[in-house]
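Report on one structure; see the data block that follows.
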Protein chains: 2
Amino acid sequence: MPIVYSFFKVLTASDTSTHGGFSVLPRHANECFPALDMNQQIPVQELIAEDLHGREWRFRHIFRGQPRRHLLTTGWSTFVTSKRLVAGDSFVFLRTSQFIVGLNKYLEAVNKCFGVSMRFKMRFEEKVSPRRSYTGTVVGVEDLSSQWENSKWRSLRVQWDEAASIPRPERVSPWEIEPMTLLFGVDLRNPSNAR
Amino acid sequence: MPIVYSFFKVLTASDTSTHGGFSVLPRHANECFPALDMNQQIPVQELIAEDLHGREWRFRHIFRGQPRRHLLTTGWSTFVTSKRLVAGDSFVFLRTSQFIVGLNKYLEAVNKCFGVSMRFKMRFEEKVSPRRSYTGTVVGVEDLSSQWENSKWRSLRVQWDEAASIPRPERVSPWEIEPMTLLFGVDLRNPSNAR
DNA sequence: TTGTCTCCCGGAGGGAGACAA
DNA sequence: TTGTCTCCCTCCGGGAGACAA
């Protein structure tokens with residue numbers, strides 16, 4: 001499982017003030033940001049981040065001040081006003097991770113209410129398989145682990161229709177699959193039926 | 001019928017620019033604004049106006065410049081940005097008038113769709129009558145005049161339940177009255193029934 | 001180490017008269 | 001007469017190091 005680099009900080013009054021930017025703890029910057037070129041007198045780079053809605057945010061990441069520290073300056077204040085952040089709010093930074101799912105994607109998936117015996121289709125990347133998608137049936141809905149009750153993460157036990165040469169999971173998350181419409185037992189999207 | 005003082009102007013580029021205010025034609029200012037104290041070197045006063053949503057707007061009305069002219073300065077630019085006015089838009093100024101009805105009040109009233117035989121209640125001002133409200137029935141829905149087709153103005157012909165010592169109109173506008181709920185013929189709001 | 005303060009400077013914009021159509 | 005221009009000056013706020021907890 002890949003390591004997830006992330007940090008989290010409760011915003012201070014200075015972080016959310018109109019005068020200046022956001023100060024980053026050195027450990028956080030080292031772990032989570034691309035390395036700065038420390039040969040420069042004042043090391044600077046542009047960071048591009050994405051929020052859970054898929055919107056892009058650009059921040060100037062600079063290492064300056066006496067003593068030296070990591071700061072996010074240009075771009076930070078528009079982020080603060082746009083998100084209406086105030087001192088005391090929390091700021092979470094992640095690079096990408098499989099545990100992060102777009103909010104809309106998640107809400108859509110949860111709305112579909114997958115249940116036992118429901119038919120579904122799941123896409124695979126082209127690099128992984130020559131076929132784009134495989135079909136199957138939900139055969140169980142249960143927590144993956146008692147440690148994470150009511151988590152939707154890999155909550156669906158599935159049975160695949162056909163054998164395949166590529167490895168496919170026995171459990172999937174609702175946002176990984178698409179439900180298929182059934183009408184009187186005839187699967188309208190099944191390729192064996194005329195379209 | 002009272003005289004309605006009003007003016008109307010197509011906004012110029014200067015009126016909507018960020019630099020400066022709104023210039024008022026002298027005739028308009030004389031007819032529609034309270035008179036300025038012309039003994040002052042630079043006559044100034046504050047105008048308080050209300051939009052159709054009932055929201056209050058304050059403008060500084062000043063008579064200055066070479067040659068002298070009437071201007072609305074402080075408060076005008078927030079009005080422009082808030083209403084998203086641009087050059088070419090029209091600006092209408094009225095003092096109060098019985099023909100001006102709040103937008104929400106109007107929309108609500110139109111939504112109620114008054115029809116013949118509907119029961120209603122109408123409030124009167126305390127100065128006019130010791131009773132606060134009288135009930136009646138709508139007996140006709142028609143244009144007040146063929147000159148103003150589909151106007152809701154006094155479009156409802158009504159019959160009052162009881163005689164009263166005060167003069168009451170034979171025709172009312174939808175926004176002047178309130179519909180009363182009827183259930184199996186029992187008027188739930190009629191004072192003669194227990195509440 | 002890191003939050004706050006203060007200073008500096010540039011841009012936005014209000015408010016004034018100049019000026020011209 | 002009245003729309004536009006330009007100038008002036010204030011205010012806001014980003015961005016820097018100073019400083020202290």
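In what follows, chains carry the letters A, B, and so on, assigned in the order in which the sequence lines appear, proteins first and then strands, with residues in each chain numbered from 1.
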Would you mind reading off the distance between Phe63(B) atom CZ and dT2(D) atom P, rounded to a whole angstrom? 11 Å
Taking every heavy atom of Gln45(B) against every heavy atom of Pro34(B), the minimum-distance pair comes out as NE2-O, 2.8 Å
Would you please indicate if the ring centroids of His28(B) and Phe93(B) are separated by under 6.0 Å? no
Are any of Ser23(A)'s side-chain N or O atoms less than 4.0 Å away from OP1 or OP2 of dG3(C)? yes
Using Watson-Crick pairs (N1 to N3, plus N6-O4 or O6-N4) and G-U wobble pairs, both distances under 3.5 Å, which stems of at least 3 pairs involve DNA chain D? C:1-21 with D:1-21
Distance below 4.0 Å between Ser14(A) side-chain N/O and dT4(C) OP1 or OP2: yes
Is it the case that atom CD in Gln40(A) sees more than 12 heavy atoms from other parts of the structure closer than 6.0 Å? yes
Contact state string [nucleotides 12-21 of chain C, B base, S sugar-phosphate only, - no protein heavy atom under 4.0 Å]: -BBBBBSB--
Indicate yes or no: does Glu142(A) engage Arg171(A) in a salt bridge with an N to O separation below 4.0 Å. yes
In whole Å, I'd like the distance from the CG atom of Leu25(B) to the P atom of dT1(D). 11 Å
Quick check: closest heavy atoms across Leu11(B) and Val86(B), and the distance to 0.1 Å? CB-O, 4.3 Å
For Glu46(A), I'd like to know if atom CD has over 12 heavy atoms of other residues, nucleotides or ligands within 6.0 Å. yes
Rounded off to whole Å, could you give me the CG-to-C1' distance for the Leu11(B) and dT2(D) pair? 14 Å
Can you tell me how far C1' of dT4(C) sits from CZ of Phe22(A), to the nearest Å? 16 Å
So, for Phe59(B) and Phe22(B), is the gap between ring centers shorter than 6.0 Å? no
Considering only NZ, NE, NH1 and NH2 on the basic side and carboxylate oxygens on the acidic side, decide whether Asp89(B) and Lys83(B) come within less than 4.0 Å. no
